Number of protein chains: 2
Amino acid sequence: MNDKFDKQLQTKHIKPTAMRQLVLQVLTKQKTALSLPELEEIFVRADKATLYRTLKTFEKNKLIHSIDDGSGAVRYALCSEECDCSIEDLHVHFLCSKCNKTYCLNEIPVPTIKLPVGFSLENVSMVVEGICANCR
Amino acid sequence: MNDKFDKQLQTKHIKPTAMRQLVLQVLTKQKTALSLPELEEIFVRADKATLYRTLKTFEKNKLIHSIDDGSGAVRYALCSEECDCSIEDLHVHFLCSKCNKTYCLNEIPVPTIKLPVGFSLENVSMVVEGICANCR
DNA sequence: TAAGTAATGCAACCGGGTTGCAAACCTGTT
DNA sequence: AACAGGTTTGCAACCCGGTTGCATTACTTA
């Protein structure tokens, strides 16, 4: 049963500890992106620093990506299968102003922008705020 | 000399105190968006809370707009003349990963996005990160 | 089993943001 | 000029998300 997560972690070269399996499990079943404080609420008995480092490890190894939606806390969501966190993998995120959940709109890529001369692009973040389908 | 700022404040129904004139002056001559901590560095003798409330007042009265570029601090920049902070006035912002300055790309409007069914739009933030013209 | 490395738990700290409250200030009125 | 009302300011304290140091525990491998 945990084999699936085990394998997933190993694929990304992350040692599959119990904590990591659990966090990956939660992130998998979650439809929306999770912040560290939210993760703390789910794992009430776990240590904040451990959760923090777990997320950082996942992010470093490109199992998850981070979103700063301006809600005050950085959120994290699973990367899709083929994602290698390059510019082409960037998608729009949606923050619901009612339930405060953040959605990955994986099917909506971030539009290309023509920057002024002399400006080079490394990364783009696009966050749409509004009311989500569940809250209306 | 201060008449210009005075008038500008009064137009937005903000009582023109000394502090507010000074902050507006700094924001005017600044080419990039400023955060509260950055403002504190400029006005070393001023109180953090006062600066904070000054920015909040300016924002409420649509003299400035705020940008969360994911750098950890919210930044503020003067609105352009005709701006009334509606969706049409939204523009792309640029965060330089070298000098950490945030630019308003006023001439680049935020592209329109087609959201999934059931999702409604209230606001959009688009921040491009890269190297600015001055740092290359 | 022993040594070495990695992960965890605990505590403390940092920095941006925010608020309560009292003092100072401004404005209009008597 | 003195006063009353409302606004702004300064100071202090606090909140919260994020981050780090360090000792302990768990894992791996010789």
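Note that the coordinates shown come from a computational prediction; the quantities given were computed from them, not determined experimentally. Protein chains get the first letters and strands the later ones, always in sequence-line order, with residue 1 at the start of each.
Spacing between atom NE2 of A:His13 and atom C1' of C:dA6 amounts to 17 Å, rounded to whole angstrom units. Here C:dT8 presents its C1' atom at 12 Å from NZ of A:Lys15, a figure rounded to the nearest Å. The interatomic distance linking B:Glu40 (CD) with C:dG17 (C1') rounds to 10 Å, in whole Å. The distance from atom CG of B:Leu24 to atom C1' of D:dT8 is 17 Å, rounded to the nearest whole Å. Atom OH in A:Tyr76 sits about 10 Å away from atom C1' in D:dG17, given to the nearest Å. Rounding to whole angstrom units, CZ of residue A:Phe43 and C1' of C:dG9 are separated by 16 Å. Taking atom CG of residue A:Leu51 and atom P of nucleotide C:dC10, one finds them 12 Å apart after rounding to whole Å. For the pair B:Gln10 CD and C:dT27 P, the computed distance is 10 Å after rounding to whole Å.
Expressed to the nearest 0.5 Å, how far OH of A:Tyr103 lies from CG of B:Leu115 amounts to 12.5 Å. Atom CG in B:Leu27 sits 6.5 Å away from atom CG in B:Leu39 (nearest 0.5 Å). The CD atom of A:Glu38 sits 4.5 Å away from atom CZ of A:Arg75, with the distance rounded to the nearest 0.5 Å.
Taking the side-chain hydrogen bond (donor to acceptor under 3.5 Å, both in side chains) definition, one finds that A:Asn100 meets it with nothing, sequence neighbours left out. Looking at residues two or more places apart in sequence or on another chain, you find a salt bridge (Lys or Arg N to Asp or Glu O under 4.0 Å) between B:Glu59 and B:Lys56.
Across B:Leu105 and A:Pro116, no two heavy atoms sit closer than the pair CD2-CG, 4.0 Å. Closest approach of A:Ser86 to A:Glu88, counting heavy atoms only: OG-OE1, 2.8 Å.
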Show the distances under 3.5 angstrom between N or O atoms of the protein and N or O atoms of nucleotides 9-15 of chain D.
unit_1	atom_1	unit_2	atom_2	d
D:dT9	OP1	B:Thr17	OG1	2.8
D:dG10	OP2	B:Thr50	OG1	3.4
D:dG10	O6	B:Arg53	NH2	2.7

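Between B:His91 and B:His65, the ring planes lie perpendicular to each other; the angle is over 60°, past the 30° to 60° tilted range.
Note on residues 112-133 of chain B: pairs passing side-chain hydrogen bond (donor to acceptor under 3.5 Å, both in side chains), not counting sequence neighbours, are A:Ser97-B:Glu122.
Taking every heavy atom of residues 30-37 of chain B and every atom of DNA chain D, no pair lies under 4.0 Å. Near DNA chain D, meaning a heavy atom under 4.0 Å away, the residues from residues 55-67 of chain A are A:Lys56.
With hydrogens and angles disregarded, no donor-acceptor distance shorter than 3.5 Å links the side chain of B:Lys98 to the backbone of B:Cys132.
Regarding contacts with the backbone of D:dT19, a side-chain N or O of A:Tyr52 is found under 4.0 angstrom from either OP1 or OP2.
Using a 4.5 Å cut-off on side-chain heavy atoms (C-beta onward), A:Ile108 and A:Val128 make no contact.
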